[in-house]
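Note that this is a predicted model, so its numbers are computed, not measured. Just so we're on the same page: letters track the sequence lines, and every chain starts at 1.
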Amino acid sequence: MASRYLIAVSIALVVVSLSFAVAYGALGASVPLEGLRSLARAYVTLAYAPWNRTLTVMSPEAVTSIVWDFRGVDTFFETAVLFGAIIGTVTLFRGIKPSARIGEGLSAIARSAAAVTAPMILAVAAAIALHGHLTPGGGFQGGATAAVVALVILVTFSLGYLVSGLSKERALMLRSAGLLGIAAVALIPPILGGIVFQNQAKELSQFSYPAYIGGALTSGSLLFYNLFESLAVAAGLTLTIMLLLSPHEVVEEAVRGEDHERI
Amino acid sequence: MNEFEVSLSLIVLFSLFANTAIALYGVFSKPNLVKKLISMTILSDTANAFAIVIGYRAWPSPEESPVPPVLTNISGGYAAVQELAQRSVDPLPQALVLTAVVIGLAVTIFLASIILHYHRTHGTVEMVVSG
Amino acid sequence: MIEPVNVALGLAALSAVLSVIATYLAVSDRDLLRALIFSALQSTAYAIIFLVLMAPDIVLVYVPVAVGIYPAVVLALIKRVGRFEGGEGGE
């Protein structure tokens, strides 16, 4: 018990000193700031600036511009971490096949309500993902919202119902298709004489994705990145949820089989 | 900013620090792995919230709120963008937190499956060293 | 007359205090299911803070993740490993 009090006291000391430091300006300024940092000002003013074509992203949404253009490589490697975690989960559950046997699910009322709301949530997810370059939203948000649909179906209908529509292999395939799409959109510019992750034309390389398609503002590559990222995130999260919630007996069977192989 | 507004934002900051402390205590001293997982997600959420608080800005005037870093008047030209920069909050912490939240979820699912396998092998999730 | 700035920052401060209470209950409760519900309550308070601090992008990603998927995942975990801390739990 003495060690527990020691832990509590030391954590309290660290937190009190940290908060004291922040309250007296350790971040270089008071929180919240009075104005905007110069870096943030540059991001906000350059996100949509048709009068400065060599520096702009042509998207009114500054956050999505940072995610996929100003700091595109950063996001690429964060996506790599995300799918590293998903692949780790899939590896832990290797050899497990979620069965497509359709169970009972919840009552008829709950199932009808889910049947009405699930397509609506999916439509909202698509709107969030595809309008990500115009309004708050984007690939990560749309993908996470779409994964909720899989969860609703899994709880109200059954795991078998979800698996009969979206098997493990198909989810893996969708996820890989999303990742390949991101890689393709990032690698098309260098093939055509630009630089990796290029969106609009720069001083040194004139390659540019079209900012307008048929008169609608699509902000060059941002639309495609959001589309593929939402596909990859939704499929990856659905896959891991499906594996984590698969029945105990199925997992037990697979683990036992592994032990026999080792012997 | 007057005294009252400063004290309100300090309440937010100190609450986040208190959450950090409680969550760290949970991670260090609770023997149950599931409790450790819950505490760790609270810790990472608090770090994200702290980044958002740093990206916030003081109100330009008591009636005029800061706005999200999204240009709504797209046909307004240069003047509209400059006006947005006068009122917008910092977009960079938001962009960093955005990916961190989704990665945090994937890591949580990964840890949950590790805990599940631990329970399958050892029959318990309590991390108590006997003796 | 109450000024809008005080309403907004006051809402953020209220949610922050609520989140401290929820976090304390989540860490101290020995019932993991109740701890999970308090953790979801803390997430809701954070979502309100994000909304007041003008981060709609974060709200859009945080609500489905922290109030939707994360409790379901931990709920499935609790169902397997047992509901109470310190017990020889589980199936």
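- For the pair B:T72/A:P60, no side-chain contact is recorded, criterion being any heavy-atom separation below 4.5 Å from C-beta on.
- Near-neighbour residues of residues 48-58 of chain A relative to chain B, defined by a heavy atom under 4.5 Å from a heavy atom of that chain, comprise A:Y48, A:W51.
- For B:Q82, the CD atom is densely surrounded, since the number of other residues' heavy atoms within 6.0 Å is greater than 12.
- No other option in B:A112, B:G55, B:G77, B:A100 has as many heavy-atom pairs under 4.5 Å with chain A as B:G77.
- Counting only heavy atoms from C-beta outward, the side chains of B:L98 and A:Q141 approach each other to under 4.5 Å.
- Options A:V67, A:L217, A:L243 differ in how many heavy-atom pairs under 4.5 Å they form with chain B, and the most are formed by A:V67.
- Atom CD1 of A:I11 sits about 8.0 Å away from atom OH of B:Y25, to the nearest 0.5 Å.
- Considering only heavy atoms from C-beta on, B:F110 comes within 4.5 Å of A:L92 through its side chain.
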With side chain to side chain contact (heavy atoms under 4.5 Å, CB included) as the test, would you mind laying out the steps for B:T99 and A:T79 before giving the verdict?
-> CA-CA 8 Å; B:T99 45; A:T79 309; over 6 Å; no

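- Within the 4.5 angstrom heavy-atom criterion, only backbone atoms of A:L134 (N, CA, C, O) approach chain B.
- Heavy-atom distances place no part of A:A144 under 4.5 Å from chain B, backbone and side chain included.
- By the 4.5 Å heavy-atom criterion applied to side chains, B:L92 and A:R71 are counted as neighbours.
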When you look at B:V70 and A:T135, which way does the side chain to side chain contact (heavy atoms under 4.5 Å, CB included) test go after all the steps?
-> CA-CA 7 Å; B:V70 180; A:T135 55; 5.7 Å; no

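- Atom CG of A:L36 is separated from atom CZ of B:R87 by 13.0 Å, given to the nearest 0.5 angstrom.
- Other residues, nucleotides and ligands contribute more than 12 heavy atoms inside 6.0 Å of the OH atom of B:Y118.
- Counting heavy-atom pairs under 4.5 Å between each of B:A85, B:P93, B:G104, B:P68 and chain A puts B:A85 at the top.
- Side-chain contact between A:F93 and B:L116 is present, with heavy atoms from C-beta onward closer than 4.5 Å.
- When side chains are defined from C-beta on, B:R57 does not count as touching A:R37, because their heavy atoms never get closer than 4.5 Å.
- Of the two parts of B:L105, only the side chain, counted from C-beta on, holds a non-hydrogen atom closer than 4.5 Å to a non-hydrogen atom of chain A.
- Between atom OG of residue B:S88 and atom OH of residue A:Y43 there is a gap of 13.5 Å, rounded to the nearest 0.5 Å.
- If you measure heavy-atom distances from B:F14 to chain A, the contacts under 4.5 Å come from the side chain alone.
- Ranked by heavy-atom pairs shorter than 4.5 Å toward chain A, the options B:I22, B:I74, B:V101 are led by B:I74.
- Proximity to chain B is limited to the side chain of A:T75, based on heavy atoms less than 4.5 angstrom apart.
- Heavy-atom pairs under 4.5 Å with chain A peak, among B:P60, B:S113, B:A106, at B:S113.
- When every heavy atom of A:L237 is checked against every heavy atom of B:I109, the shortest pair comes out as CD2-CD1, 4.2 Å.
- Inter-residue side-chain proximity for A:V44 and B:D90 is flagged as unmet; no heavy-atom pair is nearer than 4.5 Å.
- When all heavy atoms of B:F17 and A:L18 are compared, the pair lying nearest together is CE2-CB, 3.9 Å.
- Within the 4.5 angstrom heavy-atom criterion, only backbone atoms of B:V89 (N, CA, C, O) approach chain A.
- The shortest distance between side-chain heavy atoms of B:L24 and A:V14 does not fall below 4.5 Å.
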